[in-house]
There are 2 protein chains.
Amino acid sequence: MPTNAALAETAALIGDPARAAMLAALLDGRALTAGELAAAAGVTAQTASGHLGRMTEAGLLAMERQGRHRYHRLATPAVARLIEGLLEVAAAAPRRAVATGPRDAALRQARTCYDHLAGRLAVAMADAMRARALIELTPDGGAVTPAGQDFLADLGIHATPARTRLFCRPCLDWSERRPHVAGVLGAALCSRCFELGWVRRRAGGRALEITPVGWAGFADAFGIAPEAVRG
Amino acid sequence: MPTNAALAETAALIGDPARAAMLAALLDGRALTAGELAAAAGVTAQTASGHLGRMTEAGLLAMERQGRHRYHRLATPAVARLIEGLLEVAAAAPRRAVATGPRDAALRQARTCYDHLAGRLAVAMADAMRARALIELTPDGGAVTPAGQDFLADLGIHATPARTRLFCRPCLDWSERRPHVAGVLGAALCSRCFELGWVRRRAGGRALEITPVGWAGFADAFGIAPEAVRG
DNA sequence: GCGATGCTTCGGCCGCGGCCGAAGCCCCGG
DNA sequence: CCGGGGCTTCGGCCGCGGCCGAAGCATCGC
């Protein structure tokens with residue numbers, strides 16, 4: 001069965017420490033240069049180059065040249081979901097010296113996932129929006145209600161020209177095991193939160209810091225209690 | 001970051017041709033003996049034994065001894081979803097000598113996925129049930145309506161003691177890219193279809209054959225037109 | 001008890017593939 | 001046009017891990 005071989009090939013591609021580190025570094029949806037990815041993986045530029053080429057050819061990554069830099073990002077949302085799924089079953093595996101440090105706690109609170117928000121913050125946002133009937137979520141799509149349109153407009157998100165599919169995919173994140181808003185709407189919400197200064201990238205990785213303005217904003221606009229998001 | 005290492009380890013585990021073949025063989029949710037899996041992977045018993053041990057220890061597989069046989073199955077639904085996700089991105093990769101044969105066509109029509117039905121048949125069933133408001137599907141759960149309870153009872157599925165979570169997870173299958181009913185309800189529907197003789201395992205693998213009785217039953221109970229399911 | 005069958009453990013062979021140094025290519029700024 | 005930085009290609013080293021033969025346990029049938 002040829003489809004089996006492809007399965008193994010793809011998994012093997014992800015199953016190398018250096019490549020896995022690169023993929024994890026890209027999981028927040030940003031595009032990074034080859035050099036940055038080499039550093040993230042702890043290998044030299046030439047080694048990284050080989051890895052990046054293979055992953056791009058296999059359709060895991062997409063590459064874009066910009067001047068003398070080459071920016072690499074995850075090729076599709078499906079790849080991001082796949083990596084998250086891998087993290088999920090890896091985390092469910094028998095605990096081997098886990099040492100759940102503060103970095104993990106920060107990740108669980110708020111992070112980016114591909115192009116949208118994840119973690120307790122994102123789940124709370126999705127819950128709040130559903131509770132107020134601003135959005136509906138179905139497994140294969142989702143919709144913004146008229147009330148939701150107004151709400152989003154108030155937030156400063158006007159994107160939606162009538163039939164844009166502002167879908168939500170579960171993107172069941174590995175920490176919360178509950179869905180949050182992904183898709184076009186998720187991306188719009190995420191970038192708006194950045195614009196408003198509600199969240200900010202933390203130094204070390206893809207964990208996000210919620211600013212004082214953010215806590216106020218989330219409470220105000222979404223009715224989110226800080227203690228529901230804080231560890 | 002220790003979580004990265006776990007990611008690579010898990011992926012590497014899946015990324016071996018022999019192990020991938022075993023996992024693919026288990027994807028339909030049955031439990032197979034070590035010998036059968038060795039044959040499926042095309043390796044000797046002792047090699048297979050090593051692979052099975054490692055996958056079990058990593059939480060990918062679960063094992064159960066029965067007499068002098070040891071039955072292995074996927075440890076959790078999450079593992080099944082992961083493999084399907086892997087197949088999805090592997091299939092999306094640049095076509096390399098695909099040769100989409102009749103086996104693929106059969107798989108696309110109807111197959112089992114872990115413990116429930118997948119393929120066009122399963123998607124049609126989910127669509128039909130939602131269209132008639134027999135079930136609701138949300139990304140993190142799902143519900144059977146009162147009308148749905150009656151419908152299921154007519155089908156011979158009485159399982160549901162009040163608050164049983166008959167959840168649906170998208171299980172977005174790689175062929176249809178649309179959700180179908182998984183979870184407890186999915187499993188119940190699947191086994192009931194077998195009991196009723198509506199579907200039958202095909203010789204070669206996890207593709208299912210829809211019997212004449214089945215075509216009639218699906219049309220009758222779900223209003224599914226055969227041409228919506230046939231290739 | 002004895003042999004057969006199913007599975008696991010041990011030991012050793014071997015090849016795939018990741019790694020880096022060196023060299024080459026491309027694109028930029030001056 | 002030239003120097004420099006980012007990235008890729010080439011070549012060779014080396015170790016991890018998959019593979020099997022042989023031997024060791026377990027379980028069943030008789």
Side-chain angles (χ1 to χ4, degrees), chain A residues 4-26 30-58 60-73 75 90 93 96, chain B residues 4-26 30-58 60-73 75 90 93 96:
Chain A
N4 262 11
L7 167 65
E9 260 170 69
T10 306
L13 220 44
I14 305 174
D16 171 82
R19 286 190 294 257
M22 294 179 181
L23 290 168
L26 292 169
R30 284 178 302 179
L32 301 179
T33 66
E36 289 170 317
L37 288 168
V43 296
T44 59
Q46 62 270 32
T47 300
S49 176
H51 288 317
L52 291 170
R54 294 182 56 183
M55 289 195 283
T56 301
E57 186 176 7
L60 291 180
L61 299 184
M63 194 260 283
E64 202 173 333
R65 29 205 340 155
Q66 212 164 106
R68 49 185 163 180
H69 294 279
R70 304 200 177 183
Y71 282 89
H72 300 263
R73 57 179 173 76
R96 74 159 93 254
Chain B
N4 261 9
L7 167 65
E9 259 170 67
T10 306
L13 219 44
I14 306 174
D16 171 81
R19 287 191 293 258
M22 294 179 181
L23 290 168
L26 292 170
R30 286 178 301 179
L32 301 180
T33 67
E36 290 170 317
L37 288 168
V43 295
T44 60
Q46 62 270 33
T47 300
S49 176
H51 288 316
L52 291 170
R54 295 182 54 182
M55 288 195 284
T56 301
E57 187 176 7
L60 291 180
L61 298 184
M63 194 260 284
E64 200 171 335
R65 25 198 353 147
Q66 212 162 105
R68 50 182 166 185
H69 295 279
R70 304 202 175 180
Y71 283 89
H72 299 262
R73 58 180 172 75
R96 70 159 97 250

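Order of the sequence lines fixes the chain letters, A, B, ..., with proteins taken first and strands second; residue numbering starts at 1 for each chain.
Here C/dC28 presents its C1' atom at 9 Å from NE2 of A/H69, a figure rounded to the nearest Å. Between A/Q46 atom CD and C/dC26 atom C1' the separation is 17 Å, expressed in whole Å. With rounding to whole Å, B/R70 atom CZ is found 18 Å from C/dT5 atom P. For the pair B/E64 CD and C/dC7 P, the computed distance is 14 Å after rounding to whole Å.
Scanning DNA chain D 5' to 3' for nucleotides with an atom closer than 4.0 angstrom to a non-hydrogen atom of chain B gives a first and last hit of D/dG18 to D/dC28.
At a threshold of 4.0 angstrom between heavy atoms, the contacts of A/A45 include nucleobase atoms, whether or not backbone atoms are also involved.
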Quiz prompt | From CA spacing to verdict: side chain to side chain contact (heavy atoms under 4.5 Å, CB included), A/T47, A/H51 | solution = CA-CA 7 Å; A/T47 300; A/H51 288 317; 3.7 Å; yes
Practice problem: Walk me through it: do A/H72 and A/M55 pass the test side chain to side chain contact (heavy atoms under 4.5 Å, CB included)? | Solution: CA-CA 10 Å; A/H72 300 263; A/M55 289 195 283; over 6 Å; no
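Using a 4.5 Å cut-off on side-chain heavy atoms (C-beta onward), A/H69 and A/Y71 make contact. A/I14 places none of its side-chain heavy atoms less than 4.5 Å from the side chain of B/T10.
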Under 3.5 Å, N/O pairs linking protein and nucleotides 23-25 of chain C:
none

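Along DNA chain C, the nucleotide nearest to A/R65 and the one nearest to A/T44 differ in position, and the one closer to the 5' end is contacted by A/T44.
Expressed to the nearest 0.5 Å, how far CD of B/E36 lies from CG of B/L26 amounts to 9.5 Å.
Checking B/L23, B/V43, B/L52 one by one against B/L37, the side chain to side chain contact (heavy atoms under 4.5 Å, CB included) holds for a single residue, B/L52.
A/R70 places no side-chain N or O within 3.5 Å of a backbone atom of A/A34 that could act as its donor or acceptor partner.
Scanning all heavy atoms of the two residues, the minimum distance from A/R30 to A/R73 falls at O-CB, 3.9 Å.
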